[in-house]
Amino acid sequence: MTAGLTPVIAATTRWLVLAYPSLGGPWSAALAEAQARQAVTAAAWLRYPTAIDVELVRLLGPGGSGRLDRLFVAGADGPGEGGRGEGGPGAGGRGTEPGAGVERAGVDADAGAGRPGPAGQPWRSWVDEVVASWAACLLTDPALAGAAVAALDGGEHTAGGPVAFPRLTTPDRHDRQAARLLRDPGFLAPVADLHRSPLTALLGVAPADPV
């Protein structure tokens with residue numbers, strides 16, 4: 001059953017790691033991707049808990065990355081409505097736009113760091129906005145991450161036995177350093193806040209206090 005979610009998990013993970021890249025070398029990038037993939041997997045299993053749910057998303061598609069891409073561009077680039085200048089996703093907080101601060105960290109923005117990439121690529125149709133938002137919540141809120149993994153126990157996705165998500169729930173120093181952007185509540189707030197309320201209601205966990 002889980003194999004049916006592979007395109008959703010792969011595409012949504014790809015969107016997150018392109019939007020919030022590791023600031024280190026290849027090893028750091030691999031660690032960051034592993035954390036993103038575990039968060040996306042847990043989120044996808046929560047969103048599509050049964051074989052029927054998985055089959056439906058395979059037939060109908062998850063919706064694509066359109067809104068996420070528009071949110072990213074508005075928060076990162078555009079002054080005016082929806083941008084940094086007037087209370088949009090990138091306003092009112094510490095680096096709240098996706099990819100914010102990448103240039104300050106010394107990454108070459110012209111090389112595409114901190115940007116999900118051009119629209120219209122086929123893989124983007126498999127990005128799930130809700131899964132991306134829930135994964136962002138899990139990456140930035142340890143209480144939610146622990147509750148999410150606990151909630152999966154006994155479900156159809158874990159029928160073969162408990163599944164651990166150690167890089168999500170118990171990241172070590174190297175994991176955290178590699179995923180500084182992916183785990184920063186301020187940077188991920190625009191994406192996490194899109195669908196945070198349904199996730200906290202599902203898990204019965206109060207959201208973490210804003211940083």
Side-chain angles (χ1 to χ4, degrees), residues 9 11-24 28-29 31-44 46-47 65-77 82-84 87-105 107 109 112-117 124 127-149 165 167-169 171 175-200 202-203 205-211:
I9 292 170
T12 306
T13 298
R14 184 174 180 180
W15 192 92
L16 283 172
V17 298
L18 287 174
Y20 303 95
S22 171
L23 303 181
S28 292
L31 287 178
E33 182 174 355
Q35 293 170 74
R37 185 174 296 274
Q38 289 191 6
V40 168
T41 299
L46 286 171
R47 177 155 166 74
S65 66
R67 187 184 183 198
L68 291 170
D69 294 336
R70 290 191 296 272
L71 174 69
F72 183 95
V73 171
D77 297 325
R84 285 184 291 194
R94 176 170 54 86
T96 53
E97 65 270 33
V102 173
E103 293 89 348
R104 295 194 300 274
V107 176
R115 300 187 178 278
R124 293 175 177 281
V127 174
D128 188 300
E129 177 187 305
V130 175
V131 170
S133 178
W134 287 9
C137 292
L138 301 185
L139 284 163
T140 56
D141 188 332
L144 275 178
V149 173
F165 296 84
R167 295 203 182 277
L168 171 63
T169 57
D175 290 321
R176 292 188 178 280
Q177 185 174 12
R180 281 182 290 165
L181 296 185
L182 269 173
R183 287 189 173 274
D184 189 298
F187 286 138
L188 268 75
V191 175
D193 289 348
L194 287 174
H195 301 283
R196 187 190 305 274
S197 294
L199 177 62
T200 56
L202 175 66
L203 299 177
V205 177
D209 292 334
V211 175

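Positions are given from 1, in the same order as the sequence printed here.
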Atom [atom1] in [X], atom [atom2] in [Y]: separation rounded to 0.5 Å?
X: Leu138; Y: Ser133; atom1: CG; atom2: OG; result: 9.5 Å
X: Leu203; Y: Leu46; atom1: CG; atom2: CG; result: 6.0 Å
X: Gln38; Y: Thr41; atom1: CD; atom2: OG1; result: 7.5 Å
X: Leu181; Y: Leu188; atom1: CG; atom2: CG; result: 8.5 Å
X: Leu144; Y: Leu168; atom1: CG; atom2: CG; result: 10.5 Å
X: Tyr20; Y: Leu139; atom1: OH; atom2: CG; result: 10.5 Å

Evaluate Asp69 against Trp15 for side chain to side chain contact (heavy atoms under 4.5 Å, CB included), listing each step before the verdict. CA-CA 9 Å; Asp69 294 336; Trp15 192 92; 2.7 Å; yes

Val130 vs Leu199 side-chain heavy atoms within contact, under 4.5 Å: no

Trp134 side chain near Thr12 side chain, heavy-atom distance below 4.5 Å: no

Carefully, step by step, assess Leu18 and Arg14 under the rule side chain to side chain contact (heavy atoms under 4.5 Å, CB included). CA-CA 6 Å; Leu18 287 174; Arg14 184 174 180 180; 3.9 Å; yes

Over all atoms of both residues, closest heavy-atom pair of [X] and [Y]:
X: Val131; Y: Asp128; value: N-OD1, 2.9 Å
X: Pro190; Y: Leu71; value: O-CD2, 3.4 Å
X: Ser28; Y: Ala178; value: O-CB, 3.3 Å
X: Val17; Y: Ala36; value: CG1-CB, 3.8 Å
X: Ala145; Y: Thr169; value: O-CG2, 4.0 Å

Could you walk me through whether Leu194 and Arg67 pass side chain to side chain contact (heavy atoms under 4.5 Å, CB included), step by step? CA-CA 10 Å; Leu194 287 174; Arg67 187 184 183 198; 3.6 Å; yes

Side chain to side chain donor-acceptor pair (under 3.5 Å) partners for Gln35, two or more places apart: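 Gln35 satisfies side chain to side chain donor-acceptor pair (under 3.5 Å) with Arg183 only.
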
Side chain to side chain contact (heavy atoms under 4.5 Å, CB included), that's the test. Do Leu16 and Leu182 meet it? Break it down for me. CA-CA 8 Å; Leu16 283 172; Leu182 269 173; 4.2 Å; yes

